[in-house]
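Quick notes on the structure that follows.
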Amino acid sequence: MKFNFKEIEAKWQEYWAKHGTFRASNDSEKEKFYVLDMFPYPSGSGLHVGHPLGYIASDIYARYKRHKGFNVLHPMGYDSFGLPAEQYAIQTGQHPAITTETNIKRYREQLDKLGFSFDWSREVRTSDPKYYKWTQWIFIQLFNSWYNLNSDKAEDITDLIGLFEEEGNANVKASCNDDTPLFSATDWAAFSPKEKQEMLLKYRLTYLADTEVNWCPALGTVLANDEVVNGVSERGGHPVIRKKMTQWSMRITAYAQRLLDGLEKIDWPQPLKDSQTNWIGRSEGASVKFKVLESTFDNSRNLEPRTFIEVFTTRPDTIFGATFMTLAPEHELVSKITTPEQKAEVEAYVEATAKRSERDRMADVKSITGAFTGAFAEHPFTKETIPVWIGDYVLAGYGTGAVMSVPCGDQRDYDFAKHFGIPIPNIFEGVDISEEAFANKEKTIIANSDFLNGLSYKEATKKIIAELEKIGAGKGKVNYRLRDAVFSRQRYWGEPFPVYYDAEGMPQILGEEHLPLELPEVEKYLPTETGEPPLGNATDWAWDIGTNRVVGNDLIDNKTVFPLELNTMPGWAGSSQYFNRYMDPHNDDAIFSREAVNYWQDVDLYIGGSEHATGHLLYSRFWQKFMFDKGWVPADEYAKKLINQGMITGTSAFVFREEGTVNVVSKGLIQEKKVTPIHADVSLVNSSDELDIDAFKKWQPEYEEAKFILEEGKYIVGREVEKMSKSKYNVVNPDEICEEYGADSLRLYEMFLGPLEQSKPWNTAGITGVHSFLKKMWRLYHSGTEGTFSVSDSEPSKENLKTLHKTIKKVEEDIENFSFNTSVSTFMICVNELSAQKCTSREILEPLAILVSPYAPHIAEELWQGLGHTQTISYASFPKFEAKYITESSKEYPISFNGKMRFTLELPLDMAKEEIEKTVMAHERTQQQLQGRTPKKVIVVPGKIVNIVG
RNA sequence: GCUCGAGUGGUGGAAUUGGUAGACACGUUGGACUUAAAAUCCAAUGGCCAUUAUGGCCGUGCGGGUUCAAGUCCCGCCUCGAGUACCA
């Protein structure tokens with residue numbers, strides 16, 4: 001029988017599907033193990049060879065764990081809401097659901113060809129109403145919760161209402177909006193229902209508020225901070241501006257500290273933890289209030305008599321160096337405190353900064369701009385008057401949007417002061433500040449600062465905070481960079497909010513029993529003419545509270561029929577709890593049953609890309625913590641271990657077009673010429689970088705008449721490693737690889753390419769190595785020219801056993817350490833040795849098949865069946881490593897020398913002696929040479945010590 | 001700028017706690033089998049110098065250091081990649 005991988009792979013894939021081989025039971029005596037992949041967005045271009053890398057790794061681990069006797073949950077699904085399907089809909093009018101369905105079908109076909117052991121019976125799709133019912137449900141739960149800082153967890157909103165009724169909000173410590181006023185129980189009782197709702201919105205974990213958002217005009221939607229990269233949208237690279245809008249937000253800031261603390265107990269890659277830590281951006285310092293001097297403004301500008309500017313600073317110890325204050329141009333006090341004389345200048349400046357996009361502001365960090373408001377504030381200790389400026393180096397979005405400027409201690413303040421001629425007094429001992437500010441905390445000794453003189457940064461900070469608290473001008477404060485996450489998107493293809501707006505325009509939540517609220521049909525997927533989101537095009541998008549049904553907009557009467565929310569949820573909504581839904585995916589009564597979550601608990605291994613570090617991987621931790629607070633999940637971190645697989649990059653090919661002509665020049669001949677590199681499809685180039693010119697002309701007819709300037713009769717292309725993408729013509733399709741070499745070869749090769757976590761360029765040429773390994777292994781089990789299946793029952797030789805057990809040991813260690821690349825080498829060595837030994841023994845070949853099966857499951861199944869087994873190999877136990885075959889003729893010798901040298905050798909006695917003597921003599925020789933004496937003789941005593949005789 | 005990670009043959013990459021650097025594979029060269037090709041198998045393959053040899057010297061980005069012994073540890077640089085960016 002020939003090694004016909006195509007037949008074999010088709011046969012086993014069908015077998016697994018038919019028998020539900022990889023179905024995981026929620027009710028098993030076995031220990032559970034949950035291996036999770038990040039589910040893909042089913043894009044129209046299908047999979048390329050880079051996509052399955054993580055899936056192959058997780059599949060190997062999942063199959064390995066099954067061999068080890070675990071009940072393994074290894075599910076897969078689709079993150080199927082998203083922008084591309086919607087944009088395609090805008091262009092073609094085709095409903096995104098249809099595009100999505102087509103793409104999913106193609107994804108599934110491609111995935112199936114690779115022989116993954118997914119439990120497809122648990123598939124989820126975020127765009128399926130049965131699934132997003134529960135995304136909407138979580139939204140409702142968040143809406144009905146607030147964060148109690150006293151108990152440090154999310155609690156029911158009705159408890160908060162109870163507190164308000166009893167004693168107002170003075171003693172309530174909660175994570176809430178900054179503008180929340182104080183009120184008493186009597187005030188609360190006097191509030192209208194609308195006022196009560198407005199107040200509660202300031203406390204809810206998801207709330208509707210006027211917030212400064214990242215608005216992308218080109219995409220016509222707001223974006224979350226993690227979707228904005230360098231001032232442009234992550235998708236498409238369109239400019240983004242800041243804008244105030246009424247939007248749903250998620251109060252993730254309530255969990256800032258717990259999100260930081262949680263990082264310590266999970267085994268995630270350090271770089272990823274670092275980037276989450278930076279993103280949350282905890283900094284310790286103080287908030288200080290500066291009184292705005294009343295003499296500097298007149299009451300006609302309706303400023304309350306006592307107005308304060310509150311600032312956050314990490315250097316309260318330098319407060320005596322503060323010579324001015326700077327507000328962000330957007331700061332709400334700017335218009336109120338500006339004097340009539342300065343009004344024109346300030347307004348012009350505010351307008352100018354508003355026009356500049358975030359990106360411009362960032363691009364030009366160097367130029368210093370600002371304006372004086374004409375107002376003055378009072379220093380809380382010296383009582384000196386200090387001028388209040390505005391400047392765009394102060395960001396409205398961070399801290400309070402205002403700073404106390406200490407030019408001697410902060411470079412930006414220094415530059416600003418220098419530029420506008422503001423004095424720069426020195427408050428540091430023994431430091432020269434004539435050229436630049438001094439910002440070294442460790443070396444700080446405070447001077448010219450009244451009661452802080454002579455103190456270090458630490459001492460001074462402690463003391464000044466105590467003083468600030470004493471005089472009521474400030475307090476110690478921890479500030480986070482993390483902002484609440486905007487949760488509204490002006491898109492069609494996303495989860496609708498289960499929200500309608502009552503006669504007073506207040507948001508009202510649908511009852512849980514009416515979920516899912518399904519997406520309405522629309523004529524057009526673009527915003528309406530009045531600028532409303534696409535759902536504004538729906539004619540049936542109103543809620544009847546009498547019948548609890550969606551009805552036509554024409555019925556809106558603001559008595560029983562109300563308009564529904566027009567925004568939809570962002571992409572990350574659907575992916576923030578999907579891992580728990582897999583535990584019980586078909587449950588219509590609950591997001592998952594208590595039994596299911598108690599059995600599966602959490603994810604043991606999560607594999608996916610690091611690009612989600614500050615998006616999905618942060619939001620999902622947030623939701624998990626919320627679910628934990630409510631007692632619905634047993635763990636407040638959902639993934640014990642996470643691995644970031646590296647990206648597989650493409651190797652693009654280039655032809656060089658001579659400027660002004662259509663002629664193209666071979667790579668070696670371009671030296672002096674002016675050429676433009678042009679992408680050539682990689683499939684037109686062979687492994688020695690030679691271009692198939694005819695095929696190229698056929699592919700790009702504009703070069704039909706072009707002259708190809710060759711070197712040594714060949715056209716050699718240029719090469720460059722780039723991201724794999726359609727537009728770069730460097731995409732390698734896994735289907736083609738499977739067709740030519742088989743899925744097992746592809747799986748082995750992707751692992752063999754290098755360490756899982758490293759990014760590496762794809763090069764199809766090397767795959768012949770692993771492919772011929774599979775053929776060699778096949779031949780171990782077959783004999784004669786006909787290749788008939790034949791293994792012997794003869795006793796294996798010691799050599800055979802040694803080879804096998806060496807392999808078992810190494811492969812097991814490799815899988816446990818996720819060093820899948822080296823175990824492929826180990827397999828090759830093993831098969832090479834066994835064929836040299838002419839090993840045909842069943843006792844060796846049976847365990848070998850199991851050993852290889854996580855990597856190359858199809859061939860392993862076929863061989864396993866050939867060995868006479870009827871059951872599938874997945875249930876066979878992983879072979880046990882037996883040390884006796886390796887160390888039989890060897891012994892271990894721990895050696896110490898001078899109490900310093902210590903090593904262990906795993907060698908036969910005489911060889912070990914020789915080795916040790918050599919090493920020790922080398923040491924001795926050097927020593928003796930230095931001292932002019934002859935070396936001593938070294939005697940090695942098996943067991944412990946090296947004796948020097950001399 | 002800051003934070004993190006990485007630099008090893010022509011290429012991808014191996015190398016327990018510091019212990020024979022370059023495993024395994026690709027590529028290249030030579031050979032066997034073939035009318036030929038493919039496939040398969042065998043041999044060589046870090047550089048330099050020797051070749052009478054089971055020979056010598058140099059080699060893990062650069063410069064120092066610790067050690068009997070450094071790709072691995074320490075100090076100072078260089079280069080590349082990732083994240084982040086006026087965060088007070």
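Just so we're on the same page: letters track the sequence lines, and every chain starts at 1. Note that this is a predicted model, so its numbers are computed, not measured.
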Suppose you measure atom [atom1] in [N] against the same atom in [M]; what distance do you get, rounded to whole Å?
N: B/A70; M: B/G59; atom1: C1'; answer: 14 Å
N: B/A21; M: B/C4; atom1: C1'; answer: 28 Å
N: B/A85; M: B/A6; atom1: P; answer: 24 Å
N: B/C48; M: B/C42; atom1: C1'; answer: 29 Å
N: B/C33; M: B/A14; atom1: P; answer: 39 Å
N: B/A69; M: B/A50; atom1: P; answer: 31 Å
N: B/G47; M: B/G10; atom1: C1'; answer: 13 Å
N: B/G71; M: B/U8; atom1: C1'; answer: 7 Å

Could you identify the nucleotide paired to [N], looking across every strand shown and requiring Watson-Crick or G-U wobble geometry with both distances under 3.5 Å?
N: B/U60; result: none
N: B/G55; result: B/C49
N: B/C41; result: B/G31
N: B/A85; result: none
N: B/G19; result: B/C68
N: B/C26; result: B/G10

Q: Take A/Thr614 and A/Lys775, find for each the nucleotide of RNA chain B with the closest heavy atom, and name the residue whose nucleotide sits nearer the 5' end.
A: A/Lys775

Q) Of A/Asn832 and A/Asn278, whose closest RNA chain B nucleotide lies nearer the 5' terminus? A) A/Asn278

Q. Would A/His782 and A/Phe3 count as a close aromatic pair, with their ring centres under 6.0 Å?
A. no

In whole Å, what is the span from the [atom1] atom of [X] to the [atom2] atom of [N]?
X: A/Glu813; N: B/A23; atom1: CD; atom2: C1'; answer: 16 Å
X: A/His771; N: B/A39; atom1: NE2; atom2: P; answer: 10 Å
X: A/Ile829; N: B/A15; atom1: CD1; atom2: P; answer: 11 Å
X: A/Trp762; N: B/U11; atom1: CH2; atom2: P; answer: 20 Å
X: A/Leu756; N: B/G13; atom1: CG; atom2: C1'; answer: 15 Å

Q) Under a 90° cut-off about 0 for the syn range, is B/G9 syn or anti? A) syn

Q) Under the criterion side-chain contact (heavy atoms from CB on, under 4.5 Å), which of A/Ile422, A/Asp410, A/Val394, A/Asp413 is the partner of A/Ser405? A) A/Asp413

Q: Would you name the heavy atoms of A/Ala417 and A/Ile424 that are closest together and state the gap between them?
A: CB-CG1, 4.0 Å

Is the phosphate of [N] approached by [X] (side-chain N or O, under 4.0 Å from OP1 or OP2)?
X: A/Gln758; N: B/G13; answer: yes
X: A/Arg483; N: B/C87; answer: no
X: A/Arg481; N: B/A88; answer: no
X: A/Asn821; N: B/A14; answer: yes

Q: Please determine, by modelled atom types, if A/Tyr480 and A/Thr253 share a side-chain donor-acceptor pair under 3.5 angstrom.
A: no

Hey, does [X] reach any base, or is it just sugar-phosphate, or nothing, if we go heavy atoms under 4.0 Å?
X: A/Thr326; value: nothing
X: A/Lys273; value: nothing
X: A/Pro755; value: sugar-phosphate

Q. Taking 4.0 angstrom as the limit, do A/Lys806 and A/Glu833 come out as a salt bridge?
A. yes

Q.
Any side-chain to backbone donor/acceptor pair from A/Tyr855 onto A/Ser745? Under 3.5 Å, distance only.
A. no

Q: Without swapping roles, check the side chain of A/Thr318 against the backbone of A/Arg315 for a donor-acceptor pair under 3.5 Å.
A: yes

